[in-house]
Asks: 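Please find one structure pasted underneath; my questions will follow.
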There are 2 protein chains.
Amino acid sequence: MRDLPAGSVDMIFADPPYNMQLGGDLTRPDNSRVDGVDDAWDKFDDLKAYDSFTREWLSAARHALSDDGTLWVIGSYHNIYRVGSLLQELGFWILNDVIWRKSNPMPNFRGRRFTNAHETLIWAAKSERTRYVFNYESMKSLNDDLQMRSDWLIPICSGQERLRDKEGQKAHSTQKPEALLHRVVMASTKPGQLVLDPFFGSGTTGAVAKRLRRRWIGIEREEGYAKLARKRIDRVEPLADPELLEIKQKRAEPRIPFGWLVERGLLEPGTVLYDPNRRLTAKVRADGTLVCSSPQGDHHGSIHKVGAAVQGATACNGWTFWHLNVEGRSVPIDVLRQKLRAELN
Amino acid sequence: MRDLPAGSVDMIFADPPYNMQLGGDLTRPDNSRVDGVDDAWDKFDDLKAYDSFTREWLSAARHALSDDGTLWVIGSYHNIYRVGSLLQELGFWILNDVIWRKSNPMPNFRGRRFTNAHETLIWAAKSERTRYVFNYESMKSLNDDLQMRSDWLIPICSGQERLRDKEGQKAHSTQKPEALLHRVVMASTKPGQLVLDPFFGSGTTGAVAKRLRRRWIGIEREEGYAKLARKRIDRVEPLADPELLEIKQKRAEPRIPFGWLVERGLLEPGTVLYDPNRRLTAKVRADGTLVCSSPQGDHHGSIHKVGAAVQGATACNGWTFWHLNVEGRSVPIDVLRQKLRAELN
DNA sequence: TCAAGACCTGAATCCTGGC
DNA sequence: CGCCAGGATTCAGGTCTTG
C-alpha cells in the first residue's frame with residue numbers, strides 16, 4: 001500500500017485477519033468435525049503483535065486514501081475493538097458502525113454462548129471534516145424508500161456463489177457475500193472511482209467493483225488466492241448500460257424492499273421486466289429502481305411508481321404488475337419476494 | 001466500587017457516559033480550531049482522557065467482580081471500541097458482543113449517514129478460563145426454542161415505561177428498556193446473585209434485578225438520579241412465584257448413569273445396540289459397559305468411550321449414538337434415560 | 001420427473017468435575 | 001495445574017439421494 005501514490009484511492013474495504021488463538025478441534029453434536037479457519041496467515045501471538053500489525057496497515061491505508069475517501073473495515077469481537085480503537089487514534093473519524101446480521105450463521109454447538117450471528121463493519125472518513133461520498137438516495141431506494149439502517153440482514157456466502165476447488169472444498173475460508181460488498185460499494189463510491197482492498201482474498205471486492213464499474217486494486221499475499229481472484233474477476237461483466245448505474249432520487253413502498261432482490265442476486269441489474277400484456281418493458285437498475293420508456297414518455301423510479309406512471313394511474317402494486325420471463329413463462333416478480341421472504345424467515 | 005469487597009459481585013452491567021463531558025478533563029467546547037495539527041492533538045487528548053477514565057472504572061469493576069462473574073458494557077461507536085479494547089488489555093475475556101437492534105430508532109435527519117439503529121453490548125468473563133453463568137435453556141426458551149442469537153430486536157424505552165418529571169419531560173436522557181436488562185440478567189445470573197451497576201442512572205438495572213429476585217447495588221453520582229431510581233425501585237414487586245424464576249436447565253437435572261438402566265431392568269444384559277447407520281452392533285454387559293467388534297478391532301468400556309472408539313473420534317455422546325430396536329424401529333437409548341428420570345422424580 | 005428426506009457445512013476465541 | 005473420563009450439544013440453506 002505504501003507504494004501507491006498518496007491520496008490516490010477513493011475507498012478502502014479491508015477484512016484483516018484476526019486469529020490469535022487456535023484451540024483444539026470443534027465438533028458438532030453429531031461428532032463431525034467443524035472445518036475451521038486455520039490458515040497460517042491468520043495467526044498472531046498476542047494483542048501487542050496484533051496491534052502493531054493493525055497500526056501498520058491502517059496507517060498505510062491512510063496514506064493511500066484520498067482526503068475525501070472513506071475506509072471500511074469488517075471484523076468480529078475478536079479484533080474489531082482493537083481495529084476501531086486504533087483507527088480513532090490514527091485520526092480516522094467513524095461515520096457509522098454497521099452490523100452484518102447473518103441469516104444463516106453457524107450455531108453454537110456447546111450451548112455456552114449466544115449464537116455468534118453477526119459481524120461488525122466500521123465506516124470511517126479520513127478525518128472529522130471531509131466531504132465523503134454517501135449515496136443516500138441509492139441506499140434509501142435499496143431499502144424501499146426507508147432510510148438504510150445500520151443493521152443489514154445478508155446471508156453468508158454459500159451455494160453457487162461460494163468458490164470451490166477441484167475437490168469441491170471451499171477455495172477460501174472467509175469468502176464474503178457479494179451482496180455485502182454491493183451495498184458497501186454502492187453506498188460510498190461513485191462509478192469510476194478507485195476502490196482498494198488490501199486483504200483481497202477471493203476477490204469479492206474486485207468482482208463487485210468491476211460489475212458496478214468502479215476501478216479497483218487488490219493486494220493479496222498468497223499467490224494461490226491472487227490467481228483465484230484474477231480468474232473470478234475475469235469472468236465478471238461490467239454492467240453494460242451506464243444508465244443502470246446512475247444514482248437516483250425518490251421511490252415508493254413496503255415490506256421486503258425490491259432492492260434486496262437485486263443485492264441478493266435474485267434479480268440481475270439489467271433484467272427486463274414486462275407489464276401483464278407484454279407491451280412495455282422496463283429495466284432493473286443496480287439501486288433497485290426501474291427505467292421504462294413508454295408512448296407517454298420515459299419513467300424511472302420504484303416498481304410501484306413506474307407501474308402507475310405507464311398506466312396513467314395514481315397507484316400500482318408493482319409486485320403484481322411487473323412480470324419476469326422464467327423459461328418462456330411470464331411470472332409476477334412477487335414470486336421473488338415470496339422466495340426471499342421465505343429465506344429471511 | 002473500590003470500597004466493595006474484592007470479588008463480591010456476580011455480574012456487572014455498565015452504561016458508561018461517552019459524550020466527552022466527564023469532568024473538566026473531557027470537556028471539549030466547540031470553539032473554532034486554529035489548524036489541523038492542533039485539532040489532531042486536541043482529539044488525541046480527548047481520547048486519552050476518555051481512555052484513562054475507562055481504564056479506571058474497568059479496573060475497579062474487575063476488582064469488585066468475582067472470579068466467575070461476568071461484565072456487560074453497552075455503548076455506541078463513539079466509545080465502544082475504546083472500552084472493548086481496554087477491557088481486553090485488562091485481561092477480560094470477551095464471550096460475545098451483542099447487538100441491540102432498535103425497532104424504533106431516531107432517523108438520520110441530514111441524510112449523510114446510515115440510520116444509527118443499534119447499540120453494542122460486550123459480554124466478558126474475568127479471564128479466559130472461568131466458569132461463568134450462562135442460562136442457555138432460558139435464552140433458548142425466550143427465543144421460541146431456537147438458540148438465542150447475538151442480535152436482539154428490542155424497542156427503545158418510551159410510553160408508560162419512560163420515567164418523566166412533573167413537567168412531562170423525560171427524567172433521564174438514556175433510560176434503557178427493561179426488556180434489555182431482563183434479557184441480560186436472565187442470561188448471566190441466577191436468582192439471589194449480586195448485580196452491580198456503576199452508572200445507575202434511572203435504575204433500570206436495579207428495577208429488573210429486584211423483580212427477578214437478584215440482589216443489586218447501584219452507584220450514581222447525581223443525587224437527583226439516585227433519588228429517582230430509589231423511588232422507582234421501591235415500587236417494584238419481586239416476582240412472587242419462584243417457579244417463574246426457575247431456570248430451565250437440563251444440565252441441572254439429575255445425572256443418570258447408563259448402568260442404572262441395567263440395574264433397574266430397563267435393559268437386559270446381552271441386549272444388542274446399533275450405531276445410527278446400523279452397521280455396527282454392541283452388547284450390553286451386566287456392569288453397564290459395552291463390548292463391540294468393529295473393523296478397527298474390539299472395544300470395551302462406557303457407552304461414550306466405545307462410541308468414540310468405533311468412530312475414531314475423541315468424544316461421543318453415547319446416549320444419542322447407540323440405538324435400540326423397539327418394535328422394528330431404531331430408537332436412541334436416551335429414551336430409556338428419560339423414562340427412568342421420570343420415574344425418579 | 002418430482003417430492004421428500006438425508007446429508008453437508010459455515011470466521012468459533014464452544015465442557016466440567018474429580019483426582 | 002494437568003490429566004482423564006463422563007457426557008451434553010445445532011440452525012439455515014443448499015445439494016444430493018431415494019422412492
Side-chain angles (χ1 to χ4, degrees), chain A residues 15-39 42-44 47 50 74-80 100 102-120 155-162 164 168-170 172-177 201 339 342-345, chain B residues 88 92-97 124-125 127-132 134 136-137 140 143-150 249-253 255-259 276-277 288 301-308 314-322 334 337:
Chain A
D15 178 17
Y18 66 69
N19 210 343
M20 297 182 217
Q21 177 172 315
L22 297 167
D25 286 350
L26 177 63
T27 56
R28 304 167 194 277
D30 65 3
N31 293 327
S32 63
R33 200 176 143 275
V34 174
D35 181 18
V37 178
D38 61 355
D39 305 76
D42 201 13
K43 287 176 193 162
F44 295 91
L47 289 182
Y50 191 74
I74 184 169
S76 69
Y77 64 84
H78 310 84
N79 68 325
I80 200 66
W100 169 26
K102 304 178 185 184
S103 56
N104 48 351
M106 182 153 3
N108 184 293
F109 296 119
R110 295 286 179 268
R112 296 297 298 146
R113 302 183 178 192
F114 299 100
T115 301
N116 208 341
H118 74 275
E119 290 187 38
T120 300
I156 61 175
C157 182
S158 67
Q160 293 296 335
E161 188 185 329
R162 190 88 197 208
R164 297 184 186 281
Q169 299 301 299
K170 55 188 176 191
H172 190 280
S173 54
T174 64
Q175 187 183 342
K176 294 285 173 290
K339 196 171 161 186
E343 283 179 27
L344 295 177
N345 275 341
Chain B
Q88 285 180 310
F92 285 100
W93 189 248
I94 299 182
L95 297 168
N96 279 111
D97 54 1
S127 63
E128 182 173 355
R129 285 183 173 73
T130 67
R131 286 175 317 178
Y132 57 91
F134 178 54
Y136 174 73
E137 292 292 341
K140 197 169 169 180
N143 196 36
D144 216 14
D145 283 345
L146 290 181
Q147 287 189 339
M148 185 68 80
R149 298 169 38 120
S150 56
Q249 203 170 17
K250 284 178 186 161
R251 285 196 171 87
E253 287 179 16
R255 196 175 73 85
I256 309 276
F258 178 71
N277 301 323
S302 74
I303 54 171
H304 313 290
K305 195 174 158 188
V306 175
T314 56
C316 167
N317 178 356
W319 290 107
T320 54
F321 182 76
W322 294 108
D334 194 44
R337 177 168 64 160

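Below, chains carry the letters A, B, ... as their sequence lines are ordered, and counting in each starts from 1. No hydrogens, no waters, no symmetry mates; every other heavy atom, side chains included, goes into these values.
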Asks: Just how far, in rounded Å, is P of dT9(C) from CD1 of I156(A)?
Replies: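 Result: 13 Å.
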Asks: Mapping P107(A) and Q169(A) onto DNA chain C by nearest heavy atom, which one lands closer to the 5' end?
Replies: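 Nearest-nucleotide comparison on DNA chain C picks Q169(A).
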Asks: Please state the C1' separation for the pair dC7(C) and dA11(C) - nearest whole angstrom.
Replies: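 These two C1' atoms come out 23 Å apart once rounded.
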Asks: Which part of the nucleic acid, if any, lies within reach of S76(A) when heavy atoms closer than 4.0 Å are counted: base, sugar-phosphate only, or nothing?
Replies: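 Here S76(A) touches no strand at all.
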Asks: Counting heavy atoms from C-beta on, name the nucleotide in dA12(C), dT10(D), dG13(D) closest to the side chain of V34(A).
Replies: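 Closest nucleotide among those given: dA12(C).
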Asks: For K170(A), I'd like to know if atom NZ has over 12 heavy atoms of other residues, nucleotides or ligands within 6.0 Å.
Replies: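 Counting neighbours around NZ of K170(A), more than 12 heavy atoms of other residues, nucleotides or ligands fall under 6.0 Å, so yes.
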Asks: For DNA chain D, whose closest nucleotide is more 5', that of G318(B) or that of Q160(A)?
Replies: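 So the residue in question is G318(B).
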Asks: Of the candidate nucleotides dC15(C), dG14(D), dA12(C), which contains the atom at the shortest distance from the side chain of R112(A)?
Replies: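 Nearest listed nucleotide: dC15(C).
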Asks: Test side chain to side chain donor-acceptor pair (under 3.5 Å) on H304(B) and S302(B) and set out the steps.
Replies: CA-CA 5 Å; H304(B) 313 290; S302(B) 74; 5.5 Å; no
Asks: Under the 6.0 Å and 45° cation-pi test, does R112(A) pair with Y132(B)?
Replies: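 Yes - R112(A) lies over the ring of Y132(B), closer than 6.0 Å to its centre and within 45° of its axis.
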Asks: Whether the side chain of R28(A) and the base of dT10(D) hold a donor-acceptor pair under 3.5 Å is what I'd like checked.
Replies: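 Side chain to base: no pair below 3.5 Å.
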Asks: Categorize N116(A) for me: base, sugar-phosphate, or nothing, with a 4.0 angstrom heavy-atom threshold over every strand shown.
Replies: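 N116(A): backbone/sugar contact only, no base atoms under 4.0 Å.
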Asks: Check whether any side-chain nitrogen or oxygen of K305(B) sits under 4.0 Å from OP1 or OP2 of dC4(D), and answer yes or no.
Replies: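 No.
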Asks: Could you say whether the aromatic ring of W319(B) and the base of dA8(D) stack, counting only centre distances under 5.5 Å and plane angles under 30°?
Replies: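 W319(B) ring does not meet the centre or angle cut-off for dA8(D); no stack.
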Asks: Round to the nearest Å and state the distance from N104(A) atom CG to dT15(D) atom C1'.
Replies: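 Computing the N104(A):CG to dT15(D):C1' distance gives 15 Å.
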Asks: From the set dG17(C), dA11(C), dT15(D), return the single nucleotide nearest to any side-chain atom of K176(A).
Replies: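 Between dG17(C), dA11(C), dT15(D), the one nearest the side chain of K176(A) would be dA11(C).
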Asks: Does K176(A) reach the side chain of W100(A), with side-chain heavy atoms less than 4.5 Å apart?
Replies: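 Contact flag for K176(A)/W100(A) side chains = yes.
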Asks: Can you name the nearest heavy-atom pair linking F114(A) to N108(A), along with the distance?
Replies: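 So the two residues come closest at O-ND2, 4.2 Å.
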Asks: In whole angstrom, give me the gap between the C1' atoms of dT10(D) and dT9(C).
Replies: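 Going atom to atom, C1' in each nucleotide, I get 12 Å.
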Asks: Taking the side chain of F109(A) as its heavy atoms from C-beta onward, which of dG10(C), dG6(D), dG13(D) lies nearest to it?
Replies: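 From the listed options, dG10(C) comes nearest.
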Asks: Send over the distance from Y136(B) OH to dT16(C) P, rounded to a whole Å.
Replies: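 Atom-to-atom, Y136(B) to dT16(C), this comes out as 13 Å.
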Asks: Regarding R149(B), tell me which of base, sugar-phosphate or nothing describes its non-hydrogen contacts under 4.0 Å with the strands shown.
Replies: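 It contacts nothing in the nucleic acid.
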Asks: Please state how far atom CD in E119(A) lies from atom P in dA11(C), giving the value in whole angstrom units.
Replies: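 Spelled out: CD on E119(A) to P on dA11(C) is 8 Å.
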Asks: Please step through side chain to side chain contact (heavy atoms under 4.5 Å, CB included) for the pair L146(B) and K140(B), ending with a clear verdict.
Replies: CA-CA 5 Å; L146(B) 290 181; K140(B) 197 169 169 180; 5.7 Å; no
Asks: State which of dG10(C), dT9(D), dG6(D) makes the closest approach to the side chain of D35(A).
Replies: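 Out of dG10(C), dT9(D), dG6(D), the nucleotide with an atom closest to D35(A)'s side chain is dG10(C).
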Asks: For the pair made of NZ in K170(A) and P in dC8(C), what is the distance, rounded to whole Å?
Replies: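 Between P of dC8(C) and NZ of K170(A): 15 Å.
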Asks: Counting only Watson-Crick pairs (N1-N3 plus N6-O4 or O6-N4) and G-U wobbles (N1-O2, O6-N3), all under 3.5 Å, who is the partner of dT9(D)?
Replies: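 Pairing partner, where one exists within any strand: none, as none qualifies.
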Asks: Report the nucleotide, chosen from dT10(D), dA11(C), dG10(C), that has the shortest atom-to-atom distance to any side-chain atom of D30(A).
Replies: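 That would be dT10(D).
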Asks: For dA12(C), which nucleotide is its Watson-Crick or G-U wobble mate, given both distances must be under 3.5 Å?
Replies: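 Base partner found: none.
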Asks: Taking dA8(D) as the reference, what is the distance to dG18(C) when you measure between their P atoms (whole Å, please)?
Replies: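 Rounded to whole Å, the distance is 15 Å.
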Asks: Under a 3.5 Å cut-off for both contacts, is dG17(C) paired Watson-Crick or G-U wobble with anything, and if yes, with which nucleotide?
Replies: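 dC4(D) - that is the nucleotide pairing with dG17(C), both distances being under 3.5 Å.
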Asks: Calculate the interatomic distance between K102(A) atom NZ and dT9(C) atom C1'; express it in whole Å.
Replies: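 Atom-to-atom, K102(A) to dT9(C), this comes out as 13 Å.
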Asks: With heavy atoms under 4.0 Å as the rule, sort I303(B) into base, sugar-phosphate or nothing.
Replies: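 Nothing, no heavy atom under 4.0 Å.
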Asks: Tell me the interatomic distance from I80(A), atom CD1, to dA11(C), atom C1', rounded to whole angstroms.
Replies: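 Spelled out: CD1 on I80(A) to C1' on dA11(C) is 13 Å.
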Asks: If the cut-off is 4.0 Å, is Q175(A) near the phosphate of dA11(C), judged by side-chain N/O to OP1 or OP2?
Replies: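 No, outside the criterion.
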Asks: Would you check, one step at a time, whether the test side chain to side chain contact (heavy atoms under 4.5 Å, CB included) holds for E119(A) with K102(A)?
Replies: CA-CA 8 Å; E119(A) 290 187 38; K102(A) 304 178 185 184; 2.8 Å; yes
Asks: Start with the C-alpha gap between T27(A) and V34(A), add the side-chain angles, then the distance that decides, and say whether side chain to side chain contact (heavy atoms under 4.5 Å, CB included) holds.
Replies: CA-CA 6 Å; T27(A) 56; V34(A) 174; over 6 Å; no
Asks: Within less than 4.0 Å of OP1 or OP2 of dG6(D), is there a side-chain N or O belonging to S302(B)?
Replies: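 Answer yes for this pair, as a side-chain N or O of S302(B) is under 4.0 Å from OP1 or OP2.
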Asks: Ignoring backbone atoms, test whether R337(B) places a side-chain nitrogen or oxygen under 4.0 Å from the OP1 or OP2 oxygen of dA8(D).
Replies: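 So the side chain of R337(B) is within the cut-off, an N or O lying under 4.0 Å from OP1 or OP2 of dA8(D).
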Asks: Which nucleotide in the set dA11(C), dA12(C), dT10(D) lies at the smallest distance from any side-chain heavy atom of P29(A)?
Replies: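 That would be dT10(D).
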Asks: Identify which nucleotide among dC14(C), dG6(D), dA12(C) has an atom closest to any side-chain atom of H304(B), counting heavy atoms from C-beta outward.
Replies: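 Closest of the options to the side chain of H304(B): dG6(D).
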Asks: Say we look at dC16(D) and dT1(C): how far apart would their C1' atoms be, to the nearest angstrom?
Replies: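 That atom pair is separated by 16 Å.
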Asks: Measure the distance from CD on E161(A) to P on dG14(D) and round it to the nearest whole Å.
Replies: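 Interatomic distance, CD of E161(A) to P of dG14(D): 11 Å.
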